[in-house]
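Below is one structure, written out as structure tokens; the observations come after it.
We count ligands from 1, going down the list as the structure has it; atoms in each ligand are counted the same way. Computed from a predicted structure; not experimentally measured. Position 1 is the first residue of the sequence; numbering continues from there.
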Amino acid sequence: DEQELLAQFESTIGHHDRIEPRDWMPDGYRRTVVRQVAQHAHSEIIGMQPEGNWITRAPSLRRKATLLAKVQDEAGHGLYLYSACETLGVSRNELTEMLINGKQKYSSIFNYPTLSYADVGVIGWLVDGAAICNQVPLCRTSYGPYGRAMIRVCKEESFHQRQGYELLATMMRGTDEQRAMVQESVDRFWWPALMMFGPPDDDSPNTAQSMAWGIKRNTNDDLRQRMVDMTVPQANALGVTLPDPDLRWNEEREAHDFGQPDWDEFKDVISGNGPCNAQRIEHRRRAWEDGAWVREAATAFAARSAGVADQ
Ligand code: ACO
């Protein structure tokens, strides 16, 4: 009965074992995993747009090939994540409709424009760096298909982060103009990158329950701290300044103190009013509508093939 199933579920969570698609789970757990994995999938898919913006203008064939491969990886991540989500009984069509109708969110970071080529490097370094901080612990998330998808995603994100860092290191060895371009991009992306970890813990409605269920393994503020501590030495090595006057090493805590992002701006962006929200969704809607004939043809073909097999 229900009591026994719940006890079994809680014992699995307690032992840090995985919940699998056919296991019984509380409705709230299912809803929370669907919400988080869907948002994650949407972020990967929408995240193709800001960098895709520079594919035709990459400065060399080598840079173009690398960027193209990276953006394709993001599409792949979206597909694994949609598949993980489908194991919980929601279809990819439904998920895409919810993205386009604004019923589900995607990461705030992809609502900022990419104004210079240095943004490609900074997105790799800071945005994919933040993604790694957030996602490595998610390899141990309690929902099996999500955790397993994260393993491959993290390997690829780590390549993305390195290509970003290497691109910036190359620009920093270049001209004064190139160095200024990198610094300007870091100034624009630093705070939005820290916002990726979500609101502060005392203003995060989902963290406590998601941690109790093992869906999240760390709080938003813990991961943000980890990101800052990881990034400061890399910024020093690159020779760029992080735009935070409160940033300093705290001997006692053995961690950096740092300022807070503008949380009003964050709320605006996640409620649909960031600089590029309308453009991102419009682009996705157009691609979805333009692809309707492919989905119809594939469905008709599958139905006909099934008919042939039946005969
Ligand atoms: N962008 C957009 N929405 C956000 C963000 C963000 N950066 N951070 C928090 N939110 C939303 C939450 O989804 C939640 O909204 P909802 O209840 O309508 O779904 C609300 O703000 C409150 O936040 P939390 O209670 O802290 O939400 P949650 O526990 O889900 O934590 C977090 C947010 C940390 C982003 C978590 O969902 C997570 O770890 N997700 C997986 C990682 C991910 O999605 N990465 C995508 C970007 S990385 C990349 O693709 C390169």
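Nearest-residue assignment for atom 9 (C) of ligand 1 (options Pro137, Ala41, Pro199; heavy-atom criterion): Pro199. By heavy-atom distance, the residue among His40, His77, Met196 lying nearest atom 35 (C) of ligand 1 is Met196. Within the set Glu74, His42, Lys105, the minimum heavy-atom distance to atom 18 (O) of ligand 1 is found for Lys105.
Interface of Asn220 with ligand 1, defined as ligand atoms under 4.0 Å from a residue heavy atom, comprises 26 (O), 34 (C). Of all atoms in ligand 1, listed by their number and element, those nearer than 4.0 Å to a heavy atom of Tyr106 are 1 (N), 2 (C). Close approach of ligand 1 to Gln135 is summarised as follows: ligand atoms under 4.0 Å from at least one heavy atom of the residue are 45 (N), 48 (S). Contact atoms of ligand 1 toward Gly198: 8 (N), 9 (C) (distance under 4.0 Å to a heavy atom of the residue). Counting atoms of ligand 1 from 1 in the listed order, those under 4.0 Å from a heavy atom of Glu44 are 50 (O). Each of the atoms 48 (S), 51 (C) of ligand 1 lies under 4.0 Å from some heavy atom of Ala131. Near Phe197, the atoms of ligand 1 lying under 4.0 angstrom from a non-hydrogen atom of the residue are 34 (C).
In this structure, Arg285 fails the cation-pi test against Trp288, since its NZ or CZ atom is not both closer than 6.0 Å to the six-membered ring centre and inside 45 degrees of the ring normal.
Scanning the protein for heavy atoms near atom 38 (C) of ligand 1, the closest one is Gln36 NE2, 3.5 Å. The closest protein non-hydrogen atom to atom 22 (C) of ligand 1 is Pro205 CD, 3.7 Å. Nearest protein heavy-atom neighbour of atom 39 (O) of ligand 1: Asn134 ND2, 3.0 Å. The nearest heavy-atom contact from the protein to atom 14 (C) of ligand 1 is Asn206 ND2, 3.7 Å. Protein heavy atom closest to atom 31 (O) of ligand 1, with residue, atom name and distance, is Lys216 NZ, 2.9 Å. Scanning all protein heavy atoms for the shortest distance to atom 24 (P) of ligand 1 gives Ser204 OG, 3.4 Å. With respect to atom 3 (N) of ligand 1, the closest heavy atom belonging to the protein is Ile270 CG2, 3.5 Å. What sits closest to atom 41 (C) of ligand 1 on the protein, heavy atoms only, is Tyr146 OH, 3.4 Å.
Using a 4.0 Å cut-off between heavy atoms, Arg35 contacts ligand 1 through its side chain alone, with no backbone atom that close. Residue Phe266 touches ligand 1 through its side chain alone, judged by heavy-atom distances below 4.0 Å. Residue Val127 does not touch ligand 1, judged by heavy-atom distances below 4.0 Å. When non-hydrogen atoms are compared, ligand 1 lies under 4.0 Å from the backbone of Met195 (N, CA, C, O) but not from its side chain.
Atom NE2 of His77 and atom CD of Gln135 lie 8.0 Å apart (nearest 0.5 Å). Atoms CZ and CG, from Phe258 and Asn250 in turn, are 11.5 Å apart once rounded to the nearest 0.5 Å.
Atom CG of Asp290 is surrounded by more than 12 heavy atoms from other residues, nucleotides or ligands within 6.0 Å. Within a 6.0 Å radius of CZ in Arg57, more than 12 heavy atoms belonging to other residues, nucleotides or ligands are found. By the 6.0 Å contact criterion, CD on Gln260 is enclosed, its count of non-hydrogen atoms from other residues, nucleotides or ligands being greater than 12.
In this structure, the side chains of Pro145 and Glu20 come closer than 4.5 Å at one or more pairs of heavy atoms. Inter-residue side-chain proximity for Ser204 and Thr219 is flagged as unmet; no heavy-atom pair is nearer than 4.5 Å.
At a 3.5 angstrom cut-off on N or O pairs, Asp128 does not count as close to ligand 1. On a distance-only criterion, Ser210 and ligand 1 share no N/O pair closer than 3.5 Å. Annotation: Ser43 places no N or O atom under 3.5 Å from an N or O atom of ligand 1; distance criterion only.
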Derivation of the side chain to side chain contact (heavy atoms under 4.5 Å, CB included) call for His160 and Glu51: CA-CA 12 Å; His160 297 171; Glu51 289 184 287; over 6 Å; no
Verdict with reasoning, Val182 to Gln178, per side chain to side chain contact (heavy atoms under 4.5 Å, CB included): CA-CA 6 Å; Val182 173; Gln178 287 175 305; 5.7 Å; no
Residue pair Trp190, Thr231: steps toward the side chain to side chain contact (heavy atoms under 4.5 Å, CB included) verdict: CA-CA 10 Å; Trp190 174 244; Thr231 308; 3.8 Å; yes
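Gln225 contributes a side-chain N or O that, together with a main-chain N or O of His256, makes up a donor-acceptor pair within less than 3.5 Å.
Clustering ILVMFWY residues whenever any of their side-chain heavy atoms sit less than 4.5 angstrom apart, transitively, puts Ile270 in a cluster other than the one holding Ile100. Clustering ILVMFWY residues whenever any of their side-chain heavy atoms sit less than 4.5 angstrom apart, transitively, puts Met25 in the very cluster that holds Leu6.
The pair Asp119-Arg188 counts as a salt bridge, with a side-chain nitrogen and a carboxylate oxygen less than 4.0 angstrom apart.
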